[in-house]
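Beneath this line is the structure, given in structure tokens, with notes to follow.
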Amino acid sequence: MPIPTLKTILKHQNQCRVIGSRFKTSSVQYVASRFRDPTFEKLMDKYKNLLKVIAIQDLILANPTNNPPSVSLDFLSRLSQKLHLNRGAASFLRKYPHIFHIFYDPNKFQTFCRLTDAAMRVSRQEAEAINASLDVVVDRLVRLLSMSTTKSLPLRAVFKVWRELGLPDDFEDSIISGNSHIFKLVDAHEPNTHILMLTDEMRDKRFVACVENWRVMECCRENSAVDRTEIRYSFKHSYPPGMRLVRDFKAKVKEWQRLPYVGPYEEMGEKKRSKAGIMGLEKRAVAIVHEFLSLTVERMVEVEKISHFRKSLAIDLNIRDLFLDHPGMFYLSTKGKRHTVFLREGYERGCLIDPNPVYNARRKLLDLVVLGRHAMLINNESRSVENCQTQKPCLQDEGKKTHCFS
């Protein structure tokens with residue numbers, strides 16, 4: 001009888017895994033054995049390059065003293081490894097002529113990079129959308145703090161997810177200091193660290209978790225046959241096409257859906273070490289990360305970033321394994337040398353079901369990334385020719401400076 005290979009074992013485990021339990025494999029094997037969803041994988045193929053584009057865009061916009069804002073190619077080249085630009089900064093920038101324009105400054109004898117007019121318009125649109133939704137942003141931050149057992153969070157953890165929450169880049173001043181009746185900053189025990197807290201009058205404010213909206217809608221649908229006692233503790237589940245759901249798996253999901261738990265905004269009380277108590281704590285952790293993702297602009301976040309909130313949110317489990325244990329609610333992608341988790345119910349065919357203005361602006365930047373070097377507009381081409389003609393000749397011979405790139 002042939003000895004089964006690791007690949008065969010993992011394939012069998014992937015088909016037979018049930019909620020609340022998993023085989024004794026390492027975390028790496030567990031991630032490798034997950035069922036791939038082609039829709040989310042295609043989306044992450046685009047996002048992995050978008051994240052690099054955003055990193056460079058932030059560096060450019062952080063130099064307002066230059067007119068227009070720009071950074072030198074030498075500076076970006078030194079950061080190539082940190083930015084994961086495998087073939088160097090110049091090669092990466094040339095892949096996205098709709099976003100980046102490379103030019104030579106004869107006064108400084110250096111090559112610089114700036115954003116194109118199209119990219120600047122998208123950036124301004126995102127900033128305007130954020131400024132127009134500051135009330136929503138404040139509510140997100142208050143909800144996040146309210147899920148914490150102490151109604152407080154390390155400021156450095158909030159900095160990790162400021163973009164995911166749709167916070168303005170100056171949120172310390174515009175959001176925290178600008179709403180001193182809601183937030184306060186205090187010094188932590190460690191040097192140079194701060195704790196963001198809710199003020200006393202905000203600590204007793206009650207919130208309803210986002211999943212409750214789905215439960216109400218399910219119960220109120222026309223000709224709904226939903227048992228209200230069963231849906232009371234349920235979450236929406238959906239699975240990728242092609243994923244085999246064995247009978248044992250379905251039974252475990254049904255049992256888990258009925259399991260009572262303490263909501264993310266409720267006081268947890270004393271931890272019970274019984275089997276039911278441990279399963280309840282696990283479901284509470286699921287409810288917390290579900291609410292966390294529901295508060296993000298794009299219903300997605302890097303696992304490494306959300307891990308910074310584990311202690312504050314009283315999650316005693318491995319968060320990555322938590323996502324893998326519930327494939328009907330979350331999807332974990334490993335594209336782009338990072339682990340990113342999506343909230344399944346928020347997406348349909350790779351797009352957000354309930355988009356917001358900030359998401360729409362970011363999606364336009366993603367569209368420019370997807371364009372790559374294709375579909376270059378005629379007026380862009382003519383403008384590049386004019387720039388080359390007004391500057392020194394555009395030469396790229398050996399040993400000569402390049403004055404213009406298109």
Side-chain angles (χ1 to χ4, degrees), residues 13-22 30-31 33-47 164 209-228 230-259 261 263-264 282-301 303 306 319-335 339-356 359 363:
Q13 292 174 2
N14 188 45
Q15 294 174 350
C16 301
R17 185 182 302 121
V18 296
I19 282 183
S21 65
R22 71 178 176 96
Y30 195 27
V31 172
S33 67
R34 77 194 188 284
F35 191 92
R36 266 65 162 187
D37 188 322
T39 303
F40 283 110
E41 290 300 306
K42 287 177 184 177
L43 180 59
M44 271 310 297
D45 260 333
K46 302 170 186 176
Y47 259 99
E164 284 79 0
C210 294
V211 68
E212 294 293 346
N213 298 327
W214 170 77
R215 291 169 184 163
V216 170
M217 288 176 63
E218 286 296 298
C219 291
C220 296
R221 280 192 311 175
E222 190 175 352
N223 301 323
S224 175
V226 173
D227 186 336
R228 299 195 178 192
E230 283 199 6
I231 204 172
R232 183 179 177 186
Y233 299 111
S234 296
F235 288 85
K236 186 176 182 178
H237 280 66
S238 62
Y239 299 92
M243 184 175 181
R244 291 176 58 188
L245 303 178
V246 296
R247 186 178 300 175
D248 191 31
F249 180 90
K250 293 178 181 179
K252 287 286 184 181
V253 171
K254 192 171 184 179
E255 179 187 350
W256 185 86
Q257 289 278 55
R258 294 172 176 170
L259 182 71
Y261 70 98
E282 188 263 355
K283 191 165 184 178
R284 173 182 164 82
V286 171
I288 289 172
V289 294
H290 179 280
E291 186 71 5
F292 191 109
L293 284 165
S294 298
L295 295 176
T296 60
V297 170
E298 299 173 82
R299 309 298 185 266
M300 59 179 281
V301 70
V303 176
I306 197 172
I319 289 187
R320 182 174 58 182
D321 289 353
L322 198 68
F323 295 135
L324 292 171
D325 285 339
H326 299 271
M329 296 173 61
F330 312 109
Y331 183 73
L332 182 72
S333 174
T334 60
K335 292 276 187 181
H339 289 186
T340 305
V341 64
F342 293 85
L343 184 63
R344 276 193 169 281
E345 67 189 64
Y347 281 83
E348 185 176 8
R349 296 181 180 179
C351 295
L352 210 59
I353 295 173
D354 187 19
N356 53 74
Y359 167 84
R363 197 75 182 192

Residue pair Val286 / Leu322, side-chain heavy-atom distance below 4.5 Å
yes
Please report the C-alpha distance between Thr334 and Val31 in whole Å, then the side-chain angles of each, then the deciding distance to 0.1 Å, and finally whether the side chain to side chain contact (heavy atoms under 4.5 Å, CB included) criterion is met.
CA-CA 9 Å; Thr334 60; Val31 172; 3.6 Å; yes
Run the side chain to side chain contact (heavy atoms under 4.5 Å, CB included) test on Phe292 and Ile319 for me, step by step, so that the C-alpha distance in whole Å, both residues' side-chain angles and the decisive distance to 0.1 Å come before the verdict.
CA-CA 12 Å; Phe292 191 109; Ile319 289 187; over 6 Å; no
Just verifying a value: how many Å separate Tyr331 OH and Leu343 CG, rounded to the nearest 0.5 Å?
15.0 Å
Do His290 and Phe235 have side-chain heavy atoms sitting under 4.5 Å apart?
yes
Any idea which heavy atoms bring Tyr261 and Ala287 closest together, and the distance?
CE1-CB, 3.5 Å
Do the side chain of His326 and the main chain of Leu324 share a donor and acceptor less than 3.5 angstrom apart?
no
Side chain proximity check, Thr39 to Pro240, heavy atoms < 4.5 angstrom
no
Nearest heavy-atom approach of Val297 to Leu352 is O-CD2, 3.5 Å
Met329 versus Arg344: any side-chain heavy-atom pair under 4.5 Å?
no
Answer yes if the side chains of Gln257 and His237 hold a donor-acceptor pair under 3.5 Å, and no otherwise.
yes
Summary of salt bridge (charged side-chain N to carboxylate O under 4.0 Å, His left out) pairs that have at least one residue in residues 283-299, sequence neighbours excluded:
Arg143-Glu291, Glu298-Arg362
Distance from Asp37 atom CG to Ser333 atom OG, nearest 0.5 Å?
10.0 Å
Using the side-chain hydrogen bond (donor to acceptor under 3.5 Å, both in side chains) criterion, which residues pair with Arg363? Sequence neighbours excluded.
Tyr359
Just how far is it from atom CD of Glu282 to atom CG of Asp321, taken to the nearest 0.5 Å?
11.0 Å
Just so I know, are the side chains of Trp214 and Val211 near enough to count as touching, which here means a heavy-atom distance under 4.5 Å?
yes
Report the residues that fulfil ring pair (Phe, Tyr, Trp, His ring centres under 6.0 Å) with Tyr347, sequence neighbours left out, ordered by chain and then residue number.
Phe40, Phe342
Contacts of Glu212 meeting side-chain hydrogen bond (donor to acceptor under 3.5 Å, both in side chains) (sequence neighbours excluded), chain-then-number -> Arg215
Report the residues that fulfil side-chain hydrogen bond (donor to acceptor under 3.5 Å, both in side chains) with Ser238, sequence neighbours left out, ordered by chain and then residue number.
none
Option passing side-chain contact (heavy atoms from CB on, under 4.5 Å) with Lys335 (candidates Lys42, Met44, Lys46):
Met44
Would you say the side chain of Met217 lies within less than 4.5 Å of the side chain of Cys220, judging by non-hydrogen atoms?
no
Quick one: list whatever passes ring pair (Phe, Tyr, Trp, His ring centres under 6.0 Å) with His339, sequence neighbours left out.
none
Any side-chain to backbone donor/acceptor pair from Arg34 onto Leu332? Under 3.5 Å, distance only.
yes
Shortest non-hydrogen pair, Pro327 vs Phe249, comes out as CG-CZ, 4.3 Å
Would you indicate whether the side-chain heavy atoms of Thr340 and Tyr47 approach each other to under 4.5 Å?
no
About how many Å separate CG of Leu259 and NZ of Lys254, when rounded to the nearest 0.5 Å?
15.0 Å
Provide the closest heavy-atom pair for Leu245 versus Lys250 in the form atom of the first, atom of the second, distance.
O-CE, 3.5 Å
